[in-house]
Amino acid sequence: MPDPVLVWFRQDLRLADNPVLAAMTDRPVLPVHVLEEPPGGAAAWWLHHSLAALGRALTERGAPLLLLRGDPRRLIPDLAARIGAAEVHAGRLTEPSARARDAETHAALQAAGRGLVLHRNALLHEPHLVRTGAGNPFSVYTPFSRAVFALLEGLPPPLPAPTHLTLAPGAPEGLPPDALRLLPRPPVPDWAADFPAHWTPGEEGATARLGAFLEHGLAGYADRRNDPAAEWGTSGLSPHLHLGEISPRQVWHAAREKGGKGVETFLKELLWREFSHHLLWHRPEMPTAPLRPEFRAFPWRRDADLLRAWQRGQTGYPIVDAGMRQLWRTGWMHNRVRMIAASFLVKHLLQPWQDGAAWFLDTLVDADLAANSASWQWVAGCGADAAPYFRIFNPVLQGEKFDPDGAYVRRWCPELARLPDRFIHRPYEAPEAVLRGAGVRPGRDYQPPLVDLALGRDRALAAFASIKGGQAA
DNA sequence: AATAGTTTTGG
DNA sequence: CAAAACTAT
């Protein structure tokens, strides 16, 4: 009998195209997941269901998933010792805390003569292996995407899922998924009540979502990806990719095989995800500190009331409010609307981007530290390859451009649904008779804007001007 | 992955 | 005089 192996599942909750499992042919395995800190609320809901789905799939293959809660630095080496595993295998992660944890776990394993083997499993290409011609990490997206595109020409095809696994003997009793307490419980109201109508966590759900997107969305992707009301405007794969229920390699190959219009545009979006992880790998401070140092002196005007109004979707700007409510109800927000809502918070309201990023991490089912941090820094203008500081989205113009008939706003802000197109993105300009005709009582059904757009814009520009003395690039 | 204000164009 | 082009932020 070959040596047993401990298979440590983290953000690769799938069987197909899983290099960790593929390395295990004919070896007895103990699949384990250790919950150390629960993720944000919405992501925790997703994790619960994803772990349950993975558990079922692994049980069918003969090796049930062991669920534990506690410190992996101690639990993983203990478990490896208990089943006599010389090696622990896992997928490599980019989050700084996970990297530190893996290094410590590795050290603890090594002290007992064991090893931790990390596989490329969450990304198309390892972030530490992509370099500029000069040998440095990339800090600009376009050259990064060009380099990675070239590297991916020889991307091997996805690996098949194992049909049968042999369970290593000696596993202790694990926890049922419910014991991880990842779901909202009383007295907290069930904010996830609507999630199941929108999502099916787990590998099967991910595969089905990819198939449906290829069928209904890919060909029109270049045209529709900025239409937040379009049913198949985007793939909706972000939460599945975040937990590795499907690999980017599977998505990459499937899109290329399908071919046709929209493929290039779609693949470039996958590379934004890669780029975010590349940045986080090389700049682990990215989640908390601006990548452009002059932004450390930015005069934010932190205000709990403004932040709360934004969180609740009560800013008075329909496209922002619709987005924030879609986020709360479904755990997801369309990418175009994320940019608009984020820009409004950091520019017009002058709230620190870190506060917005924290709210997104708590409410998004796809809460990904790399993508979230990189994107907020991009919007705020303090990121490596960020929008110039003077790029300030006007939520009314953006709404009129990308949601011209107000379908998105009407869906998520039903109190405005009967307003004519002309005022759907600027209800505060509607004459009283129009409001009355649409059944909107001013100040009662919909609040006045939190800030005048011209004033907010000028104030943001002034704030940015005040830090420009720094060594801006 | 902008916007606002100004100037120029062209029917 | 509306639309397109240009330009500063």
Side-chain angles (χ1 to χ4, degrees), chain A residues 138-146 148-149 221-228 230 233-235 238 262 264-279 286 290-292 294-295 298-299 317 319-320 323 333-350 353 356-357 360 364 366 368 370-404 408 425-426 429 449 451-470 472-473:
Chain A
F138 285 94
S139 55
V140 182
Y141 171 75
T142 308
F144 170 85
S145 71
R146 229 175 269 134
V148 174
F149 248 111
Y221 186 72
D223 302 325
R224 276 204 304 265
R225 68 190 194 89
N226 274 315
D227 174 359
T234 66
S235 73
S238 56
E264 291 293 303
T265 316
F266 179 62
L267 296 183
K268 274 195 205 137
E269 295 304 312
L270 272 186
L271 293 190
W272 273 102
R273 176 176 177 275
E274 297 281 315
F275 184 52
S276 301
H277 283 261
H278 180 80
L279 286 177
M286 186 170 72
L291 296 182
R292 287 172 192 261
E294 69 272 22
F295 274 80
F298 193 90
Y317 291 101
I319 192 80
V320 175
M333 197 196 300
H334 186 278
N335 179 59
R336 166 61 49 182
V337 189
R338 289 190 201 197
M339 293 192 283
I340 302 169
S343 171
F344 183 77
L345 182 74
V346 298
K347 306 215 163 159
H348 290 94
L349 297 182
L350 286 176
W353 60 270
F360 272 25
L364 280 168
D366 62 35
D368 183 273
N372 194 56
S373 314
S375 302
W376 275 93
Q377 292 222 26
W378 183 89
V379 168
C382 58
D385 184 21
Y389 71 89
F390 47 80
R391 239 182 233 179
I392 297 172
F393 285 85
N394 177 321
V396 173
L397 295 181
Q398 288 279 311
E400 289 173 343
K401 184 168 177 188
F402 295 108
D403 185 35
Y408 181 77
H425 290 290
R426 44 178 102 213
E429 287 179 9
V451 61
D452 173 78
L453 290 181
L455 185 148
R457 180 175 203 275
D458 290 348
R459 199 173 54 176
L461 286 172
F464 284 115
S466 79
I467 61 161
K468 260 210 309 194

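Here is the naming used below: chain letters follow the sequence lines, and residue numbers restart at 1 for every chain.
Of all nucleotides in DNA chain B, those with any atom nearer than 4.0 Å to a heavy atom of chain A start and finish, going 5' to 3', at dA1(B) to dA4(B).
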Please list, pair by pair, any protein nitrogen or oxygen found under 3.5 Å from a nitrogen or oxygen in nucleotides 5-9 of chain C.
none

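With hydrogens and angles ignored, the 3.5 Å screen pairs no side-chain donor or acceptor of Ser343(A) with any backbone N or O of Ile340(A). Proximity of a side-chain donor or acceptor of Arg225(A) to a complementary backbone N or O of Gly233(A) within less than 3.5 Å is not detected. Looking at Glu400(A), its side chain never comes within 3.5 Å of a backbone N or O of His425(A) through a donor-acceptor pair. No side-chain donor-acceptor contact under 3.5 Å links Arg224(A) to the backbone of Thr234(A).
Backbone-only engagement by Arg225(A) is indicated by non-hydrogen atom pairs under 4.0 Å involving sugar-phosphate atoms exclusively.
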For this session: Give the intermediate values and the outcome of side chain to side chain contact (heavy atoms under 4.5 Å, CB included) for residues Phe464(A) and Lys347(A).
Result: CA-CA 9 Å; Phe464(A) 284 115; Lys347(A) 306 215 163 159; 3.9 Å; yes
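Between Asp366(A) and Arg338(A) there is a salt bridge, since a side-chain N of the basic residue sits under 4.0 Å from a carboxylate O of the acidic one.
Residues Arg336(A) and Gln398(A) share a closest heavy-atom pair of NH1-OE1, 2.9 Å. The heavy-atom pair separating Ile467(A) from Pro299(A) by the smallest distance is CG2-CD, 4.0 Å.
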